[in-house]
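Notes for the one structure printed next.
Order of the sequence lines sets the chain letters (A, B, ...), proteins ahead of strands, with each chain counted from 1.
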2 protein chains.
Amino acid sequence: MTTPRRDTYTPETLLSVAVQVFNQRGYDGTSMEHLSKAAGISKSSIYHHVSGKEELLKRAVSRALDGLFAILEEPAAREGQAVERLEHVVRRMVEVLISELPYVTLLLRVRGNTATERWALERRRDFDHRVAELLKAAAADGDVRPDVEVRLATRLVFGMINSIVEWYRPEARGASGREVADAVAQLVFSGLRRAA
Amino acid sequence: MTTPRRDTYTPETLLSVAVQVFNQRGYDGTSMEHLSKAAGISKSSIYHHVSGKEELLKRAVSRALDGLFAILEEPAAREGQAVERLEHVVRRMVEVLISELPYVTLLLRVRGNTATERWALERRRDFDHRVAELLKAAAADGDVRPDVEVRLATRLVFGMINSIVEWYRPEARGASGREVADAVAQLVFSGLRRAA
DNA sequence: CCTTGAACCGACCGATCGTTCGGTTACTCT
DNA sequence: AGAGTAACCGAACGATCGGTCGGTTCAAGG
């Protein structure tokens, strides 16, 4: 049994510091010196916990991707009408995005310069395609308006959801995750759903 | 009269190359070596045309910001009902974003590490506030649904519009700027406008 | 008390960063 | 032909990059 002896860093606690700095300065704009200053330990000490800068990135984006993919495994995302499953996924995306804000923020900003970043981009595309399939199915059911192209609508909806990371600040307590999810669902579906 | 003698670089033509590379690798992730390779001239030759890396960034974001602010000066953005002016600004934002795609893309990705980036962020905030005022006025007129908070709706709409830079590729000829603007207006306003 | 090992550090590595400098080339104008 | 100059180059600058190395500190376990 290894009990934590004192207040010291683990790869996880170090990650939470690193992700904050990454999001503030950008991954490429963050040096190990920046991280060491923010963490309050020396540059070399960071390498005692993680193998390097890129492992921190990998851990961060993995956490974000795991949270998103888990949504697709939820019962409400797998059973029922496509349009209902879609609405559930949209709402849960907003909630996960907010609960894992710094990690998803970093994920949405990777550009593909390293192998890790390209891997993250690929997994993101997979997820996007899975959601696009849902929208396509809802369109086939006739549950969304037919005058906006499915492909285009998917991208715009993703754009709206993902943009939340650009302004949502949990400490400001302006709106809870559920409230934001409600607003997004309102905007998305009152625009998407065929008028009764 | 200075006629261009041969096919040589000017600050403007060099900028168009640089912005492409910036958008592919990220500003911080782009070295002068990368730029020189992409431009086909030596690293030191770049300094014959521009004062350095940051001037390229400044020129790029200025061009994007000028395009956006010009929208607010158009007659249709200054006269008439607030909700009509808002719709015009939204449509024109999409069109400018697409016609100046690489420059706006770069603008939307700056993080604030340098003085130029912070200046760009500040001007962006100014623009956002101007548009938010329009939405607020439309809400006061009773022309948008009252059950979604104005502040939140503004951010989500901006998010949807700005996200276009993440996927729109002019060479693919999937949809013209006007077609995308139509789709955005459909989604935004069928969700925003009070049912008749 | 003494060994062990996690946590940490300063000094340093080769590589690369943005930038500068002293030229050379090649075109225009007279 | 000769002067002037825009466009360009290779070499090198000090600074900083991500990462390594040989330790030191200190609490836990026997």
Side-chain angles (χ1 to χ4, degrees), chain A residues 1-22 24-61 106 110-118, chain B residues 1-22 24-61 106 110-118:
Chain A
M1 181 92 61
T2 58
T3 49
R5 328 182 205 186
R6 39 176 175 156
D7 56 337
T8 186
Y9 277 114
T10 66
E12 283 70 32
T13 57
L14 184 59
L15 179 63
S16 73
V17 173
V19 169
Q20 272 187 275
V21 184
F22 285 157
Q24 192 200 322
R25 314 185 75 102
Y27 177 72
D28 283 317
T30 302
S31 71
M32 296 303 278
E33 189 68 32
H34 291 141
L35 292 185
S36 85
K37 285 289 194 343
I41 61 176
S42 79
K43 206 167 54 137
S44 49
S45 295
I46 296 176
Y47 290 88
H48 175 74
H49 301 288
V50 294
S51 68
K53 194 181 172 185
E54 198 165 354
E55 185 190 328
L56 288 166
L57 178 64
K58 175 109 185 187
R59 280 175 178 270
V61 297
L106 191 55
V110 303
R111 302 301 323 149
N113 290 347
T114 68
T116 298
E117 297 184 53
R118 285 186 288 275
Chain B
M1 182 93 60
T2 58
T3 48
R5 328 182 207 186
R6 39 173 176 158
D7 56 338
T8 188
Y9 277 114
T10 66
E12 283 70 32
T13 57
L14 185 59
L15 179 63
S16 73
V17 174
V19 169
Q20 273 186 275
V21 184
F22 285 158
Q24 192 199 322
R25 315 186 75 102
Y27 178 70
D28 283 317
T30 301
S31 71
M32 296 304 277
E33 189 69 33
H34 291 140
L35 292 185
S36 85
K37 284 289 196 339
I41 61 176
S42 78
K43 213 165 50 138
S44 49
S45 295
I46 295 176
Y47 289 87
H48 176 73
H49 301 286
V50 294
S51 68
K53 194 181 173 184
E54 198 165 353
E55 185 189 329
L56 288 167
L57 178 64
K58 175 108 185 187
R59 280 176 179 270
V61 298
L106 192 54
V110 303
R111 303 299 324 148
N113 289 347
T114 67
T116 297
E117 296 183 53
R118 285 186 289 276

*Would you say A:Y9's side chain and A:I46's backbone share a donor-acceptor pair under 3.5 angstrom?*
no
*asked:* What is the distance, to the nearest angstrom, from the CD atom on B:E33 to the P atom on D:dA11?
replied: 13 Å
*Taking only side-chain nitrogens and oxygens of B:S31, does any of them come within less than 4.0 Å of OP1 or OP2 of C:dT16?*
no
_Whether the B:H48 and B:S45 side chains hold a donor-acceptor pair (N or O, under 3.5 Å, no angle test) is what I'd like checked._
no
*According to a strict under-4.0 Å criterion, is A:T8 in side-chain N/O contact with OP1 or OP2 of C:dA6?*
no
_Of B:S45 and B:T30, the one whose closest DNA chain C nucleotide lies more 5'_ = B:T30
*Using the ring of B:Y47 (Phe, Tyr or Trp, six-membered ring only), decide whether B:K53 places NZ or CZ under 6.0 Å from its centre and within 45 degrees of its axis.*
no
_So A:S51, base contact, sugar-phosphate only, or nothing? Heavy-atom distance under 4.0 Å._
nothing
*Given atom CD of B:E12 and atom C1' of D:dA7, what is their separation to the nearest angstrom?*
16 Å
_A:L56 CG to D:dG18 P, straight-line distance once rounded to whole Å_ = 11 Å
_Without decimals, in angstroms, what is the distance between B:D7 CG and C:dA26 C1'?_
13 Å
*Side-chain-base donor-acceptor pair under 3.5 Å for A:S44 and C:dG10*: yes
*Considering only NZ, NE, NH1 and NH2 on the basic side and carboxylate oxygens on the acidic side, decide whether A:E55 and A:R59 come within less than 4.0 Å.*
yes
*asked:* Nearest whole Å is fine: how far is D:dT16 P from A:D28 CG?
replied: 18 Å
_Below the 4.0 Å mark, does C:dA7 have OP1 or OP2 next to a side-chain nitrogen or oxygen of A:H48?_
yes
*asked:* So, under a plain 3.5 Å distance rule, would you say the side chain of A:K43 forms a donor-acceptor pair with the base of C:dG10?
replied: no
*Between B:Y47 (OH) and D:dC8 (P), how many Å, whole number?*
16 Å
*Rounded distance in Å - CE (A:M32) to P (C:dC12)*: 20 Å
*Provide, to the nearest angstrom, the distance between the NE2 atom belonging to B:H34 and the P atom belonging to C:dT16.*
10 Å
*For the side chain of B:S42 and the base of D:dG10, is some donor closer than 3.5 Å to an acceptor across the two?*
no
*Is it the case that B:S42 and B:S44 place a side-chain donor and acceptor less than 3.5 Å from each other?*
yes
